[in-house]
Amino acid sequence: MRGENMTVIRLVKRAKRGNKDALLQLINEQQDDYYRLALKYMGNPQDAMDAMEEMIVSLYRHIPTLKKNDAFYSWSKTILVNQCKQMLRKKARVQLLDEWESMEVASDADPITQSEQRIDIEEMLSYVNVYQREAIELKYFHDLDYQTIAEVTDVSIGTAKSRVFTGLEKMRNRYRGERDD
């Protein structure tokens, strides 16, 4: 992990000096994560790719302002999420994380079981508000830490934690209530 972190720091320093190849190397390292995150917000592959392109342009323009070189990936994902939100506002769509491509389902599960699991998860998330849903999905489907979730959603860490905890509690209570019926 330490070696990877040093490589990231070195590449960020080179990118800050205008080295486009270094920036592209950084992006390529996590391009699948970027794509899944953009797809969650945008809802379709074309819009996800457009958001990623805009993110790359923004990263190139603003990388000199990055204060902590080792925070490149959380910073870049924040930029991507903000770009997605901006694009959604421009299109006047209020659509949030409605696709589940990045959801990890057991690889040996058949397509019917996978569909049933997606439906179950979608139903459970329908019992929480949009902010709780967003925080839960960022935490458990994108494996982001609370600090990054707070930055991405522009709230405090306490609020990010509260949204995840309260949302999960609502889902648990709803699940228990259905099982008792």
Side-chain angles (χ1 to χ4, degrees), residues 1-91 95-107 131-165 168:
M1 179 69 181
R2 179 140 168 73
E4 289 176 24
N5 199 31
M6 294 305 294
T7 301
V8 169
I9 291 171
R10 248 190 320 275
L11 287 170
V12 169
K13 285 179 181 178
R14 288 179 32 212
K16 281 183 168 183
R17 291 190 301 264
N19 186 321
K20 292 177 187 174
D21 291 332
L23 181 61
L24 290 176
Q25 190 174 343
L26 286 163
I27 293 166
N28 285 336
E29 285 295 316
Q30 301 241 337
Q31 79 180 40
D32 291 342
D33 291 340
Y34 290 131
Y35 178 74
R36 282 192 299 269
L37 184 58
L39 186 61
K40 285 291 203 181
Y41 275 89
M42 302 311 297
N44 69 65
Q46 183 59 44
D47 288 345
M49 293 302 292
D50 290 345
M52 286 177 59
E53 288 173 12
E54 292 297 323
M55 174 202 70
I56 292 168
V57 170
S58 185
L59 291 176
Y60 182 72
R61 278 191 202 135
H62 300 291
I63 195 158
T65 65
L66 177 62
K67 291 183 181 18
K68 292 184 177 181
N69 292 344
D70 62 341
F72 175 80
Y73 287 117
S74 63
W75 176 72
S76 61
K77 287 175 183 176
T78 300
I79 288 174
L80 178 58
V81 168
N82 289 334
Q83 185 61 49
C84 290
K85 287 180 177 182
Q86 181 181 354
M87 289 173 69
L88 289 170
R89 278 192 300 271
K90 282 181 183 178
K91 290 182 175 191
Q95 175 183 340
L96 180 64
L97 304 171
D98 67 339
E99 289 196 16
W100 293 92
E101 266 69 35
S102 69
M103 181 179 70
E104 296 198 347
V105 178
S107 59
Y131 302 111
Q132 293 164 338
R133 178 181 179 136
E134 179 181 37
I136 290 168
E137 289 181 349
L138 289 172
K139 176 75 175 151
Y140 294 103
F141 298 118
H142 294 288
D143 200 30
L144 298 181
D145 59 52
Y146 288 113
Q147 177 65 45
T148 304
I149 294 169
E151 291 169 7
V152 164
T153 58
D154 199 27
V155 298
S156 70
I157 292 178
T159 300
K161 287 180 179 180
S162 176
R163 287 177 178 176
V164 170
F165 177 79
L168 290 175

Ser76 and Ile27, any side-chain heavy atoms less than 4.5 Å apart: no
Side-chain donor-acceptor pair present, Gln25, Glu29, cut-off under 3.5 Å: no
4.5 Å side-chain heavy-atom contact, Ser74 and Glu151: yes
Leu168 side chain reached by Tyr140 side chain, heavy atoms, under 4.5 Å: yes
Test item: Lys77 and Asp33 side chains (from C-beta on) under 4.5 Å apart, heavy atoms: yes
Validation row: Leu11, Phe72 side chains within 4.5 angstrom (heavy atoms): no
Asp70, CG atom: more than 12 neighbouring heavy atoms under 6.0 Å: yes
Side chains of Met42 and Met49 in contact at under 4.5 Å (non-hydrogen atoms): no
Nearest-0.5 Å distance, CG of residue Asn44 to CG of residue Asp47: 4.0 Å
Arg10 side chain near Arg14 side chain, heavy-atom distance below 4.5 Å: no
Nearest-0.5 Å distance that lies between atom CD1 in Ile79 and atom CG in Leu59: 4.5 Å
Atom of Lys40, atom of His142 and distance for their closest heavy-atom approach: CG-NE2, 3.1 Å
Interatomic distance, Leu23 atom CG to Asn28 atom CG [nearest 0.5 angstrom]: 9.5 Å
In a table with atom names and distances, give each donor-acceptor pair under 3.5 Å that connects a side chain of residues 152-160 to protein atoms at least two apart or in another chain.
from: Thr153; atom 1: OG1; to: Ile149; atom 2: O; distance (Å): 2.7
from: Ser156; atom 1: OG; to: Thr159; atom 2: N; distance (Å): 3.1
from: Ser156; atom 1: OG; to: Thr159; atom 2: OG1; distance (Å): 3.0

Check: Glu54 main-chain N/O paired with Ser58 side-chain donor or acceptor under 3.5 Å: no
Nearest heavy-atom neighbours spanning Leu39 and Pro45: CD1-N, 3.6 Å
Asn69 and Lys16: side chain donor to acceptor below 3.5 Å: yes
Polar side-chain atom of Tyr41 near backbone of Asn82 as donor-acceptor pair, under 3.5 Å: no
Heavy-atom pair with the smallest gap, counting every atom of Met52 and Gln31: CE-O, 3.9 Å
Lys139 to Tyr146 six-membered ring, cation-pi geometry met (6.0 Å, 45°): yes
Atom pair CD (Gln132) and CD1 (Ile136), whose distance is rounded to the nearest 0.5 Å: 6.5 Å
Beyond-backbone contact of Thr148 with Tyr73, side-chain heavy atoms, under 4.5 angstrom: no
